[in-house]
Amino acid sequence: GLWINYGAGFASDDALPADVRALLVHDDGGGAMVYAAGHFAVTIGLNRYYGIARWDGANWEYVTLGGCNGEIYCMAEHSGRLFVGGSFTLIGGVVCRNVVYWEAGVWNVPGSIAQCPTLPVYSMAVHGADLFVDGTGGPLGANAGLKCARQWTGLAWNDADGSLDNSVNAMVSGDAGSGVKLYIGGEFNAATAIEFYTAGNFNTLTGTQRMIIDSTGKVGIGTASPAELLHLVSGATTILYASSTSGNVGIGTSTPATL
């Protein structure tokens, strides 16, 4: 096969080189087109557009007047909508924060600006019925301000379980032989904790933490800060406490004297 140029390519209007960071085939009602996003400028007619463009089969055309005021790192299609993520606060005249979607010729903010990730979004992927993005926890969630994966249900944002010590640069959902899973890769070492929540419905932004495995491997049920390898609490009462130093197990006490 042969590589074929699509038009004259893109340029840059600043000291940084032109850089295409994401490609996606999307049909917004006018036929399938190749969307390109990243850090670049393109001249279409007499105007200059930034950050995102689409190929109509013969020429690059602008997606929206003015383009994006920052960087676009990723794109995904969810529920027929084109989602883009990156580091920006304005796209096509729409005030936003790091993630938006394109539908019926208009950019939209998913949920509210206050609920969108506060740090740049480097990756996103559809997993099951939901869209997952790399970002920071919402203002009301257990991961508020922490680096984590965020989940857009189509109606609301939720924090995925656990937080990370750095960014996620790639996501993919698929079946590699052991069932459909969401795989992530990036600059993180490991999750600092794995947390399990329950809630009354799938649209809630908050829930009740039921269980945690912290960064040292301690398991807590009914407590967010387990003191030993296994620590079960009901209300303010310790139900089960397994000491890693003495090997003693206590029922109803956090200071077991004997096995």
Side-chain angles (χ1 to χ4, degrees), residues 9-24 26 34-42 48-54 60 62-78 81-103 106-127 130-141 143-152 156-160 163-172 182 184-189:
F10 301 134
S12 175
D13 283 356
D14 56 28
L16 297 175
D19 187 5
V20 175
R21 295 174 175 147
L23 294 170
L24 185 74
H26 174 70
V34 177
Y35 286 70
H39 178 89
F40 59 77
V42 59
R48 198 79 162 151
Y49 302 96
Y50 300 91
I52 187 167
R54 61 189 178 190
W60 287 107
Y62 67 85
V63 177
T64 182
L65 293 173
C68 176
N69 74 340
E71 311 283 336
I72 297 177
Y73 298 116
C74 56
M75 295 188 289
E77 186 176 85
H78 178 251
R81 299 165 172 170
L82 172 66
F83 280 75
V84 302
S87 177
F88 50 82
T89 57
L90 189 71
I91 186 168
V94 175
V95 177
C96 54
R97 189 169 72 188
N98 300 331
V99 61
V100 292
Y101 67 86
W102 175 257
E103 183 180 37
V106 179
W107 290 109
N108 301 271
V109 175
S112 70
I113 293 177
Q115 295 168 354
C116 290
T118 56
L119 293 180
V121 173
Y122 294 108
S123 59
M124 56 176 56
V126 175
H127 179 60
D130 300 334
L131 176 73
F132 285 76
V133 307
D134 159 54
T136 44
L140 303 178
N143 289 327
L146 300 178
K147 202 69 178 170
C148 68
R150 304 219 66 211
Q151 177 184 11
W152 172 249
W157 286 105
N158 296 311
D159 295 349
S163 59
L164 302 168
D165 62 358
N166 213 326
S167 61
V168 174
N169 297 330
M171 290 186 182
V172 65
L182 178 65
I184 63 174
E187 301 175 47
F188 55 88
N189 289 313

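Count residues from 1 along the sequence.
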Testing the basics here: between [X] and [Y], what is the closest heavy-atom pair and its distance to 0.1 Å?
| X | Y | value |
| --- | --- | --- |
| Cys74 | Ala22 | CA-CB, 3.8 Å |
| Val133 | Met124 | CG1-CB, 3.7 Å |
| Cys96 | Ile91 | SG-CG2, 3.9 Å |
| Asp134 | Met171 | N-CE, 3.4 Å |

Taking only residues two or more places apart in sequence, or in another chain, which ones meet [X] in a side-chain hydrogen bond (donor to acceptor under 3.5 Å, both in side chains)?
| X | result |
| --- | --- |
| Tyr50 | Asp13 |
| Arg54 | Asp28, Tyr35, Glu61 |
| Asn69 | Thr89 |
| Ser112 | none |

Checking Val121 against Phe83 for the side-chain contact (heavy atoms from CB on, under 4.5 Å) test, could you report, in this order, the C-alpha distance in whole Å, the side-chain angles of both residues, the deciding distance, and whether it holds? CA-CA 11 Å; Val121 173; Phe83 280 75; over 6 Å; no

Can you list the residues that meet the ring pair (Phe, Tyr, Trp, His ring centres under 6.0 Å) rule with [X], with sequence neighbours excluded?
| X | result |
| --- | --- |
| Trp60 | Phe10, Trp55 |
| Phe88 | none |
| His127 | Phe132 |

Output, in order, the C-alpha distance, side-chain angles, deciding distance and verdict of side-chain contact (heavy atoms from CB on, under 4.5 Å) for Ser123 and Asn169. CA-CA 5 Å; Ser123 59; Asn169 297 330; 5.8 Å; no

Within the 4.5 Å heavy-atom criterion, are Phe40 and Val20 side-chain neighbours or not?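 Yes, side chains in contact.
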
Between the side chain of [X] and the main-chain N/O of [Y], is any donor-acceptor distance below 3.5 Å?
| X | Y | value |
| --- | --- | --- |
| Asp130 | Gln151 | no |
| Ser87 | Pro120 | no |
| Arg97 | Ile113 | yes |
| Trp157 | Pro110 | yes |

Once side chain to side chain contact (heavy atoms under 4.5 Å, CB included) is applied, do any residues pair with Val94, and if so which ones, sequence neighbours excluded?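 Counting only residues at least two positions away or on another chain, Val94 forms a side chain to side chain contact (heavy atoms under 4.5 Å, CB included) with Trp107, Val109.
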
Could you walk me through whether Cys116 and Asn98 pass the side-chain contact (heavy atoms from CB on, under 4.5 Å) test, one step at a time? CA-CA 7 Å; Cys116 290; Asn98 300 331; 5.9 Å; no

Distance in Å, Asn158 CG paired with Gln115 CD, rounded so as to fall on 0.5 Å steps: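 Between atom CG of Asn158 and atom CD of Gln115 there are 9.5 Å.
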
Hey, what do you get for CZ (Arg81) to CD (Glu103), rounding to the nearest 0.5 Å?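 It is 4.0 Å, given to the nearest 0.5 Å.
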
The test is side-chain contact (heavy atoms from CB on, under 4.5 Å); show your working for Met75 and Leu82 and say whether it passes. CA-CA 7 Å; Met75 295 188 289; Leu82 172 66; 4.2 Å; yes

Holding to salt bridge (charged side-chain N to carboxylate O under 4.0 Å, His left out), I want the full list of residues that pass it with Arg21, two or more places apart in sequence or in another chain.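 In terms of salt bridge (charged side-chain N to carboxylate O under 4.0 Å, His left out), with neighbours along the sequence ignored, Arg21 is linked to Asp19, Glu71.
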
